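Report on the following structure.
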Amino acid sequence: MKLKTFRGGVHPEGHKELSKSLPVEAYLPKGDLIFPTNQHIGKPARPVVKKGDKVLAGQLLAEADGFVSANIICSCSGTVKAVEERHTISGSRATCVIVENDGQFTLASGVGKERREGTFSNKDILDAIKAAGIVGLGGAGFPTHVKLTSKNPEAIDYIIANGSECEPYITCDDVLMQRENRAIVEGLKLVLRLFPNAQGIIAIENNKPEAIQAMEAVCAGEKQVYVQQVLAKYPEGGERNLISVVTGRDLKFGQLPADVGCIVCNVSTLYAIYCAVYHSEPLMERYFTVSGDAIVHPRTMSVCIGTSCEELIHAAGGIKDGCTAKKVLCGGPMMGIAMSSLNVPISKNNNALTVLAEDPVEQAQTQMTACIRCGRCAHVCPIHLVPQMMAEAAQHGDLERYEQKLYGLDCIACGSCTYVCPAKRPLMQLFKQTKAAIMASKRK
Amino acid sequence: MQPILIATAAVAIIGLLIGLLLVTVGKKFKVETDPREAAVREALPGNNCGGCGYAGCDAMAAAIVSGQAPVNGCPVGGSAVAEKIARIMDVETVAAEKKAAFVKCSGDCEHAAAKSHYVGIEDCASALASGLSSKSCDYGCLGFGSCANVCGFGAICVVDGLARIDRSKCVACGKCVAVCPRHLIELVPKSAAFAVRCSNKDRGPAVKKVCSAGCIGCKLCEKQCENEAISVENNISHINYEKCAGCGKCAEKCPVKAIYLTFP
């Protein structure tokens, strides 16, 4: 059978075998935990604790400020050391709550209380998701309660569970699907309850046979939910591509998935929804991959949100002897953000750290030449843009052409163009920056 | 012979008609221009630097004649040009004070603590957006020379990871001020003798960690000044040039030696 896929895309080396086979451990942090208030898209949360307060695991540290915002939950027990500005993974500063960890992980009252099916309404589901501070755990960090609050729930035909983890090195969703297959399906069924006409599709790339097998086993008796295999290709897990591959519906310029009757949720988000609704467990932990060729024991762990990156690298055995970590990326090598300091906490929407012994960007920069107009970038662009022309417009500062004629704002910054460019031009960086400049001028 | 004559006549008649059309259109749609505009344009330096805030010298000349811009609005020309234009416009003027750009940072490779190695597009805004910068300071000069690239007068160069401005070459067009993503460049009067070479708004201990030449907000300068010209706000010292007498007591007392105008 020929598997479904989209036009364009690239095939970077996966390196997934490094971190997917080991048994999953829960890593309990020893040092202080830092909770940035901006772990989501939207307005930063408002801190509700102050210096000196005693806090427990599962307690609210900062509450959602407005509709498009999310709660921040403490993942350890201890004392609030400070509420101040700290550096976050992106290199910028944000207000953070710093908690001195007492190592006990005492749960707050009510956390872990079981809820049986049939004892809650649809509104209870949304309230539980909101209270748990769940955001899109695949990377975007869009508050989930906002995504699932629809004016017209009858118009949604498909809820797509995104298990197409296409970024190299990262295996946290793969491992999660193997271990928590039942919980993911239950989470998906909870979301389906909110949308009466919808069908649940779990989309998994064919390079994860164990995950497909595990998910198919629990979907066997289900009426509303089934597994859809898709071809392993980067960026198969991009929201737009996944929708077009699974349902054949294409998103036009400026359209949201709900406009074509689809909602895409990452499998980790569904797992978090399951935990929040059935076990009253707010979002404190997540599956996280620490991998890369400079790491001694690359692995996927269940980690507490707010743990410092330094501790996590240490938990994975640290850096190999005789090896210098030239590049540490938050995320994978395609879309990850290069980090300047390890003394920063991981947020809800971070899923991996990739530590590389060689910096591919540095190597590429020494070989950079002028654009040779070969058009390979346009060939691989999953959104069907023309990166070569976009780069030209961006370099000339012609933002109008970039936005109106070339639809540059639709760029998902997947980096496929940069990956194939034989002239080694830093296209994705240019697009990310130009997009940010246009968005900033629009806000004015 | 006859076809040649016909062709010649036809071309001549068409030429005559088009000529008539052009004359009528030219008269009917004539745009009135102030003769002073050309004269003002002639008096302006003609660099088209945009430092006045208008799109080049032509636009500036039109703005002056229509009264939208002051006659001394050209930062490049200074008093000489202002006087010439004032004579054309038949008004009195006081020449605007000549200014020059100044980078409010002294964190070169020697003073500022190193942070990370940035590779990518060689541009300050790109480096800032990536979150990677060569120095630990969140306020200081990034050193990729975006200001030097826009300067049309060759007044800026990056030495040791810090932009330096040759104040004698600077004409205060303000392009560097606009392009600096960290807003570090200020136009300081050419007559000024001192300026605070730091922009870090953090408290003293945090500044000390990232730069040995940063203003720690100790207020010693404020206490020294007899004219109340220097004040510390948001943990950063700043001089009010209208009040500054240029005595230099603040610079002398500054524990981190962050108050100086030009590099030795």
Side-chain angles (χ1 to χ4, degrees), chain A residues 36 82 84-94 309 324-331 335-344 356 358-368 391 394-395 397 399 413 415 418 424-441, chain B residues 48 50 55-56 107 109 112-147 149-150 152 161 175-176 178-183 199-207 209-211 217 234-236:
Chain A
E84 60 181 24
E85 281 210 333
R86 287 279 180 104
H87 283 105
T88 60
I89 274 180
S90 66
S92 56
R93 293 192 200 187
C309 294
T324 40
K326 276 247 180 84
K327 190 144 212 163
V328 183
L329 295 154
C330 168
M335 286 182 86
I337 308 168
M339 291 164 59
S340 55
S341 159
L342 289 180
N343 195 17
V344 288
L356 301 176
E358 289 298 328
D359 184 354
V361 182
E362 198 174 0
Q363 289 168 359
Q365 205 174 31
T366 56
Q367 299 160 9
M368 188 172 93
Q395 272 164 350
L399 300 187
T418 316
K424 312 275 182 212
R425 300 198 64 79
L427 297 166
M428 172 180 159
Q429 191 191 5
L430 188 63
F431 299 153
K432 260 177 139 174
Q433 195 189 328
T434 310
K435 214 171 143 176
I438 294 174
M439 297 313 274
S441 71
Chain B
N48 287 323
C109 296
K115 187 182 174 190
S116 54
H117 179 52
Y118 166 81
V119 276
I121 303 170
E122 293 272 327
D123 171 74
C124 296
S126 304
L128 186 64
S130 78
L132 300 173
S133 63
S134 47
K135 297 173 204 158
S136 296
C137 180
D138 282 348
Y139 300 89
C141 176
L142 293 154
F144 290 102
S146 291
C147 50
N149 291 342
V150 292
K175 273 191 175 174
C176 53
V179 82
C180 179
R182 283 202 157 149
H183 312 293
S199 304
N200 196 314
K201 293 191 184 71
D202 285 341
R203 295 165 71 95
V207 178
K209 259 186 215 166
V210 296
C211 186
N234 287 332
N235 299 316
I236 181 81

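Everything numeric here is computed off the predicted structure, so don't read it as measured data. Naming: A, B, ... by sequence-line order, numbering from 1 per chain.
- With a 4.5 Å cut-off on non-hydrogen atoms, A:Q365 touches chain B through its side chain but not through its backbone.
- Residue contact with chain B, scored on non-hydrogen atoms closer than 4.5 Å, is absent for A:S92.
- Top candidate by heavy-atom pairs under 4.5 Å with chain A, chosen from B:S116, B:G131, B:S126, is B:S126.
- Shortest non-hydrogen contact noted between B:S130 and A:I337 is O-CG2, 4.4 Å.
- For a residue to count as touching a neighbouring chain, one of its non-hydrogen atoms must lie under 4.5 Å from one of that chain's; by this rule A:I89 does not touch chain B.
- For residues 116-129 of chain B, the set of pairs meeting the salt bridge (Lys or Arg N to Asp or Glu O under 4.0 Å) definition, not counting sequence neighbours, is empty.
- With a threshold of 4.5 angstrom between heavy atoms, A:R93 approaches chain B through side-chain atoms but not through N, CA, C or O.
- For chain B, the nearby part of A:Q433 is the side chain; its heavy atoms alone come within less than 4.5 Å.
- A 4.5 Å side-chain heavy-atom check between B:V119 and A:K327 finds at least one atom pair inside the cut-off.
- Interface remark: A:A436 contributes no atoms to any contact with chain B (heavy atom separation under 4.5 Å).
- With a 4.5 Å cut-off on non-hydrogen atoms, A:M368 does not touch chain B at all.
- The main-chain N or O of B:G120 is never found under 3.5 Å from a side-chain atom of A:Q429 such that the two would form a donor-acceptor pair.
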